[in-house]
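Each remark here refers to the structure printed beneath this line.
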Amino acid sequence: MNARKLLTTLITVGLAGSVLLAGCSGDNGGKAGNLSDPTNSGSNKTNESNGFVLGETPVSFSYYVHYDWWTTEPWGVSPNSKWVQDNLKVTVNPIQSGGAAAQKLSTMIASKELPDAIMMDRGPEVERLRSAGALVPLDEYIDKYPNLKKWAGEETLNMLRSSDGKIYQFPNWYTAEPTGNGGWFVNKKMYAELGSPKLETTDDLYAYLQQVKSKYPDVVPLEVGGNGSGVEVMFPSFQEGAAGAFHSMKAYPNGDKFDTIYNNEAWKETMLYASKLFREGLMTQDAMTQKDDQVKEKLATGRVAVFVGGNATNMGREGHNALKAQDATAGYEFIWPIAKSGLDKNKVYPNGYNALGWNVNVITTSAKNPEAIFAYLDWMTGEEGTRVMFFGPQGLYWDDFDADGAPIPNDKWFSTSQEEKDKDKLEAYVWSGNATFVDKSKQKIEQTLPEDQRNWGALAQLNIAWKTSQNMTQYNNIDPAPETDEGIINQQVKETADEYFGKILFAKSDAEVLSLIEEAKKTTTGLGFDKVNEFRTARWQENLALISGK
């Protein structure tokens, strides 16, 4: 996991902070929030008469985040960690990776000096610790404390079970609702000047891009981002239920097993379509070489007619705001995903979401009081904990919350610049993030604002992106570990497939596209790709069994 992946993962929920900038105040739905109220929903203090009660007994534990690039902020310095320290009597002692996470964890394991709790990716390293007997099972606590079980749900929790049937992982940024930032948007002024033609099918899109090229020779008709990444989002436009993730995996579920993507007819259609757009000058000509900053510059100056990509709500928001600052009538409009004629447009999904979220927390057998650590994580993932840790403690930027638990921004929020708010580093301490509650709070806030004050990206999510997102949890963690034989083959296949992707995009004819696809299939099969997909199939079927509880 790297910093870019973290940013992508948090983009959806991270908007909640910026959304509050234009937040609402006043009526709280008849239910003023008060954290000192012992009946406050999601509080640890009222539900566990037989468990650990935060705030009664001080607790201190060490915490390690297993990423090279992560530095845990000092505890008790930020407003939210100070509030926790003062009110819940919880103190966290950070352990840093020092930019060498793998070596750091190996050293701690060898010296038998593990931290009390660790944030890390799901997968092989969690199982490495579990099989060594270094992790505390959480099942007893999950039944004892209210929030994780309530918000994550049984299916999500089942997906976290290890081979011994127990749960050792507390998820971070899990969700019960669709999320996603991918999709399509158009330049509003150009679209209007060209008569606002129907733009629903791939045929419609082709005709529109030709119009753009004819009238606006200096404009990119279709922008697909760096490395042609938007083509991945185009793939679902050619097959109901298809996912961009299959394009990345170079494989797709064919019946009850995974098969090479080169056998997928809809994917072949996608590549034929993309290559045609490219060779006719209707798509970004520097798609394989440009960087994000170059794409953003084109969007900010209005030199893009149509955009498709996995981060469309954010790229579009930045471009829209830049254009609107110069011309109130300018900007971009997020549109329903383009679909091949004959497909059900409501079954085209540019986005996919994983109910398990980003990563997990584990509690090690080094912890003197593992239940207290769990109690704290459970509090943090509940309504009260999310308000305090994500939006800041009550009395800072919000005083009340509405009937749904969403915080209502106060005057200080509006009088404090975003630069100053960022210095609080509130999100640095959200270790068991509840994306469902944060997103619902964001929706609540957005829908009460005047239209001209609403966040463009948030509206794009609410109105289209989240409605065109499918649950991909069943495909979670099905790729082989990099160091295994299958993992090595998978990396070789990816590198080979990436080379062929560029060749296909630059092909001079449809016949060449199809020839290159067959060549790529033969080459990757020769590398042993079937073994990778056999591995994926087995893991996929295990996931399906976990989800069903069997």
Any sub-3.5 Å donor-acceptor pair from Q85's side-chain atoms to V90's backbone N or O?
-> no

Do the non-hydrogen side-chain atoms of T365 and V136 ever get within less than 4.5 Å of each other?
-> yes

Student check: side-chain heavy atoms of R387 and W398 closer than 4.5 Å = yes

Do N147 side-chain atoms and T381 backbone N/O form a donor-acceptor pair below 3.5 Å?
-> no

Can you find a pair of side-chain heavy atoms, one from E154 and one from K149, that are under 4.5 Å apart?
-> yes

Ignoring hydrogens and geometry, is there a side-chain-to-backbone donor-acceptor pair from Y174 to V360 under 3.5 Å?
-> no

Q169 and L356, any side-chain heavy atoms less than 4.5 Å apart | no

Identify, with sequence neighbours excluded, every residue that meets salt bridge (Lys or Arg N to Asp or Glu O under 4.0 Å) alongside D485.
-> none

Only residue of N369, L138, L135 satisfying side-chain contact (heavy atoms from CB on, under 4.5 Å) with I363 is L138

Measure the spacing between CG of N410 and CD of Q394 and express it to the nearest 0.5 Å.
-> 10.0 Å

Which heavy atom of G182 sits nearest a heavy atom of A465, and at what distance?
-> O-CB, 4.0 Å

N93 backbone acceptor or donor facing S62 side chain under 3.5 Å = no

For residues F391 and S441, determine if any side-chain heavy atom of one lies less than 4.5 Å from a side-chain heavy atom of the other.
-> yes

Just grab all the side-chain hydrogen bond (donor to acceptor under 3.5 Å, both in side chains) pairs involving residues 241-258, residues at least two apart or on different chains.
-> E232-S248, H247-W267, Y252-N254, N254-D259

Distance, nearest 0.5 Å, that separates CG of L105 from CE of M108 = 5.0 Å

Report yes or no: does D378 contribute a side-chain atom to a donor-acceptor pair with the main-chain N or O of L148 at less than 3.5 Å?
-> yes

Counting distance only, does the side-chain N/O of T386 pair as donor-acceptor with the main-chain N or O of E383 below 3.5 Å?
-> no

Can you check salt bridge (Lys or Arg N to Asp or Glu O under 4.0 Å) on K82 and D86, steps first, answer last?
-> CA-CA 6 Å; K82 183 69 167 65; D86 292 344; 2.7 Å; yes

Does any N or O in the side chain of S131 come within less than 3.5 Å of the main-chain N or O of R128, such that one atom is a donor and the other an acceptor?
-> yes

Would you say the ring centroid of F374 lies under 6.0 angstrom from that of F52?
-> no

When rounded to the nearest 0.5 angstrom, what is the spacing between CH2 in W456 and CG in N314?
-> 9.0 Å

Between K494, R536, R539, which is the residue that forms a salt bridge (Lys or Arg N to Asp or Glu O under 4.0 Å) with D479?
-> R536

Is the backbone of A406 close enough, under 3.5 Å, to the side chain of D402 for a donor and an acceptor to pair up by distance?
-> yes

Report the C-alpha distance between N181 and T313 in whole Å, list the side-chain angles of each, state the deciding distance to 0.1 Å, and finish with yes or no for side-chain hydrogen bond (donor to acceptor under 3.5 Å, both in side chains).
-> CA-CA 5 Å; N181 300 294; T313 64; 2.9 Å; yes

W431 ring center within less than 6.0 Å of F61 ring center = no

So, do F437 and W151 have ring centers that fall under 6.0 Å from each other?
-> yes

More than 12 foreign heavy atoms under 6.0 Å from CD of E155: is that the case here?
-> no

Counting distance only, does the side-chain N/O of T364 pair as donor-acceptor with the main-chain N or O of S366 below 3.5 Å?
-> yes

Rounded distance (nearest 0.5 Å) linking atom OG1 of T537 with atom CD1 of I478 = 8.0 Å

T260 side chain reached by D530 side chain, heavy atoms, under 4.5 Å = no

About how many Å separate CD of Q474 and CG of N543, when rounded to the nearest 0.5 Å?
-> 8.0 Å

Distance flag, aromatic centroids of Y63 and W75, threshold under 6.0 Å = no

Is there a side-chain contact between N490 and F535 (heavy atoms, below 4.5 Å)?
-> no

Any chance you could lay out the side chain to side chain contact (heavy atoms under 4.5 Å, CB included) test for Y376 and V84, step after step, and finish with the verdict?
-> CA-CA 10 Å; Y376 174 62; V84 168; 3.6 Å; yes

Just by modelled atom types, is the T72 backbone N or O under 3.5 Å from a matching donor or acceptor in the Q96 side chain?
-> yes

Without hydrogens or angle criteria, can the side chains of N80 and S78 be said to hold a donor-acceptor pair below 3.5 Å?
-> yes

Is there a side-chain contact between M119 and Y67 (heavy atoms, below 4.5 Å)?
-> yes

For the atom pair CH2 (W70) and OH (Y64), what is the distance rounded to the nearest 0.5 Å?
-> 12.5 Å

Could you tell me which residues satisfy salt bridge (Lys or Arg N to Asp or Glu O under 4.0 Å) with D424, sequence neighbours excluded, listed by chain and number?
-> none

